[in-house]
Protein chains: 2
Amino acid sequence: MTELVKGPKGRRRGRGARERILSASQQLFREQGINRTGMDLLCAAAQVSKRTAYQHFAGKDELVAEYLREFDPSVLSGVFDRTDLTPRERLLAVFDIPPTTPLCPYIAAAVELHDPEHPASQYARDYKKAVAARLAAAAREAGAADPEQLGEQLALLIDGAAARTRVLNADAFPTAAAIAAVLIDNAIPAAAGDDRPREEASS
Amino acid sequence: MTELVKGPKGRRRGRGARERILSASQQLFREQGINRTGMDLLCAAAQVSKRTAYQHFAGKDELVAEYLREFDPSVLSGVFDRTDLTPRERLLAVFDIPPTTPLCPYIAAAVELHDPEHPASQYARDYKKAVAARLAAAAREAGAADPEQLGEQLALLIDGAAARTRVLNADAFPTAAAIAAVLIDNAIPAAAGDDRPREEASS
DNA sequence: CGTTATATACACCGATCTGTTTGCTTACGG
DNA sequence: CCGTAAGCAAACAGATCGGTGTATATAACG
């Protein structure tokens with residue numbers, strides 16, 4: 001990504017203009033919101049002239065879309081790839097991200113842009129579906145009876161915790177984690193290391 | 001839709017201007033978002049001159065706050081007051097509101113305004129706390145072991161369903177209802193009318 | 001009738017936002 | 001060295017926004 005070949009010459013002078021813009025977007029869009037962050041301020045924070053910014057991105061909409069697409073993988077991985085945890089622990093570890101999350105940027109973007117057809121809204125949907133899918137995969141790995149359902153349920157808990165944290169200004173992820181524990185124990189026939197070693201009869 | 005204005009000059013005087021403004025706010029703020037709805041458009045929709053609007057409300061911020069305060073009771077009541085349902089059914093009935101909810105306006109406002117100190121954000125917090133409290137009361141009435149916790153959990157489910165519905169453009173309330181059923185059955189020692197008529201184990 | 005309170009229509013202000021244009025600078029690469 | 005092109009700073013355009021000022025018209029009340 002460091003070598004952004006942009007011409008027949010493969011020049012990479014001023015290396016990182018695009019990256020600085022996206023980096024500033026990550027910070028400002030999250031801290032101040034998308035609509036309240038003007039391109040002037042953003043370019044100043046990125047130490048990039050507006051002219052340059054608009055040469056790298058067709059417009060703010062495209063920048064917002066790229067901003068959402070950026071940390072797509074960074075959030076997805078890091079939790080699901082932890083092989084040192086049991087599948088059940090891995091499912092619960094998703095809810096242990098208190099300090100890094102002011103609010104899920106995808107929810108914020110969907111609300112702020114207010115247009116389901118906006119590219120960024122599409123990315124938000126894709127991301128949410130991807131998370132649910134990964135959760136479902138982890139649930140299947142953990143031996144859940146209905147992994148798809150459990151994945152969707154856990155995804156809803158994450159979004160609920162994010163939204164509630166935002167509105168109430170108080171961390172709601174512990175509550176979500178408690179619910180998740182109940183759901184997981186309820187969905188997995190033989191949950192290990194649990195306070196409910198009672199066997200459950202499937203309906 | 002009204003016969004308030006008759007002729008170029010004849011108008012129904014006084015009463016109604018404020019209500020028309022708030023009514024238009026309800027519609028436009030929800031449909032288009034708060035930030036994307038200008039006062040010009042809003043006043044036109046309310047059939048009210050801008051001057052009049054600013055005589056009724058000190059500014060848009062105050063209007064937004066009042067807009068949130070308005071249907072505060074209408075949402076809270078109507079579900080909790082249904083005595084024809086058992087406490088457990090009442091708790092679950094909260095999740096049966098698919099068509100009326102494009103998105104919880106409180107979450108939307110908190111995201112759009114992006115300022116926890118904004119009066120509207122305060123109202124949003126108060127409302128969310130009130131809902132959780134009513135849910136907790138209903139949970140206590142239903143005989144939950146820890147009503148406060150169950151109330152908070154159900155509130156989180158509502159917010160999660162609302163946020164997820166918005167982002168994914170698909171109704172997420174059935175999923176939330178399924179989780180709620182699990183939580184309720186898990187929290188209430190003897191759940192009636194359930195597929196789990198197992199006797200409770202006293203702690 | 002006249003006064004007053006409430007509306008209205010409409011122009012206007014300053015701020016801000018997205019996006020563009022105009023020179024000018026500077027770092028390479030041949 | 002010189003050319004090319006990326007980049008910069010800053011002014012500018014056009015639109016929209018929240019909010020006001022002004023002059024006018026009408027209904028209610030005395």
Side-chain angles (χ1 to χ4, degrees), chain A residues 2-25 28-29 32-67 109 112-115 118-120, chain B residues 2-25 28-29 32-67 109 112-115 118-120:
Chain A
T2 35
E3 58 279 355
L4 28 134
V5 248
K6 344 181 37 139
K9 296 202 165 186
R11 206 190 269 252
R12 57 189 201 94
R13 177 182 117 56
R15 196 204 48 154
R18 198 187 216 100
E19 292 153 4
R20 285 205 305 274
I21 296 171
L22 284 173
S23 175
S25 302
L28 293 176
F29 286 161
Q32 310 184 339
I34 295 173
N35 290 331
R36 302 185 112 75
T37 300
M39 292 298 288
D40 279 307
L41 177 68
L42 196 148
C43 292
Q47 289 175 324
V48 159
S49 74
K50 273 175 80 176
R51 192 76 180 89
T52 303
Y54 278 97
Q55 274 164 355
H56 281 286
F57 302 94
K60 190 181 182 182
D61 286 340
E62 183 176 310
L63 175 58
V64 171
E66 289 298 309
Y67 143 74
E112 285 205 74
L113 301 176
H114 218 275
D115 175 20
H118 193 290
Chain B
T2 69
E3 67 288 11
L4 303 173
V5 178
K6 28 203 72 173
K9 300 298 184 172
R11 55 183 167 270
R12 190 77 201 95
R13 187 170 123 62
R15 298 282 319 149
R18 186 190 184 93
E19 291 151 6
R20 284 204 305 273
I21 296 171
L22 284 172
S23 175
S25 302
L28 294 176
F29 286 161
Q32 309 185 340
I34 295 173
N35 291 331
R36 301 184 110 77
T37 300
M39 292 297 290
D40 281 305
L41 176 69
L42 196 148
C43 291
Q47 289 177 323
V48 160
S49 75
K50 267 175 86 175
R51 209 68 185 85
T52 302
Y54 278 97
Q55 275 162 356
H56 281 285
F57 301 95
K60 190 181 183 182
D61 286 339
E62 184 176 310
L63 175 58
V64 171
E66 288 298 308
Y67 142 75
E112 285 205 75
L113 301 176
H114 218 275
D115 174 20
H118 193 290

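Every value quoted in this text rests on a predicted model; they were computed, and no experiment measured them. FYI, side chains are in, hydrogens and waters are out, and symmetry mates aren't considered; it's all heavy atoms of this structure. Every chain is numbered from 1 and lettered A, B, ... according to where its sequence line falls, protein lines coming before strand lines.
In this structure, NE2 of A/H56 is placed 16 Å from P of C/dG19, rounded to the nearest angstrom. The distance from atom CG of B/N35 to atom C1' of C/dC17 is 13 Å, rounded to the nearest whole Å. Taking atom CD of B/Q55 as the reference point, atom P of D/dG19 lies 14 Å away to the nearest angstrom. At whole-Å resolution of the value, CD1 in A/I34 and C1' in C/dC17 are 15 Å apart. The separation between A/R36 atom CZ and D/dG18 atom C1' is 12 Å, rounded to whole Å. One can place CZ of B/R51 at 12 Å from C1' of D/dA23, the figure rounded to the nearest angstrom. Distance, B/F57 CZ to C/dT6 P: 15 Å, rounded to whole Å. Rounded to whole angstrom, the span from the CG atom of A/L63 across to the C1' atom of C/dT18 amounts to 12 Å.
For B/Q55, the CD atom sits in a packed shell: over 12 heavy atoms of surrounding residues, nucleotides or ligands are nearer than 6.0 Å.
Taking the side chain of B/K60 as heavy atoms from C-beta on, and the options D/dC8, D/dG19, C/dG19, the nearest nucleotide is D/dG19. Side-chain proximity of B/T52 to the nucleotides D/dG18, C/dT8, D/dA9 is greatest for C/dT8. Among the nucleotides D/dT20, D/dC8, D/dG18, the one closest to any side-chain atom of B/M39 is D/dG18. Here the side chain of A/Y54 is nearest to one of D/dG18, C/dT22, C/dG19, namely C/dG19. The side chain of A/V48 lies closest to D/dC8 when the candidates are D/dC8, D/dG19, D/dT20.
The two residues B/N35 and B/E112 come nearest to each other via the heavy atoms N-OE1, 3.0 Å. Nearest heavy atoms, A/F57 versus A/R18: CZ-CG, 3.9 Å.
Side-chain N or O atoms of B/S25 include one that pairs as donor or acceptor with a backbone N or O of B/I21 at under 3.5 Å.
Using a 4.0 Å heavy-atom distance criterion, A/D40 is classed as a base contact.
Taking the centre and axis of the six-membered ring of A/F29, the NZ or CZ atom of A/R36 falls outside the cone set by 45° and 6.0 Å.
For A/K50 against C/dG19, a side-chain N or O and a base N or O form a donor-acceptor pair under 3.5 Å.
Each of A/A53 and B/G59 was assigned the nucleotide of DNA chain D with the nearest heavy atom; the assignment lying further toward the 5' end belongs to A/A53.
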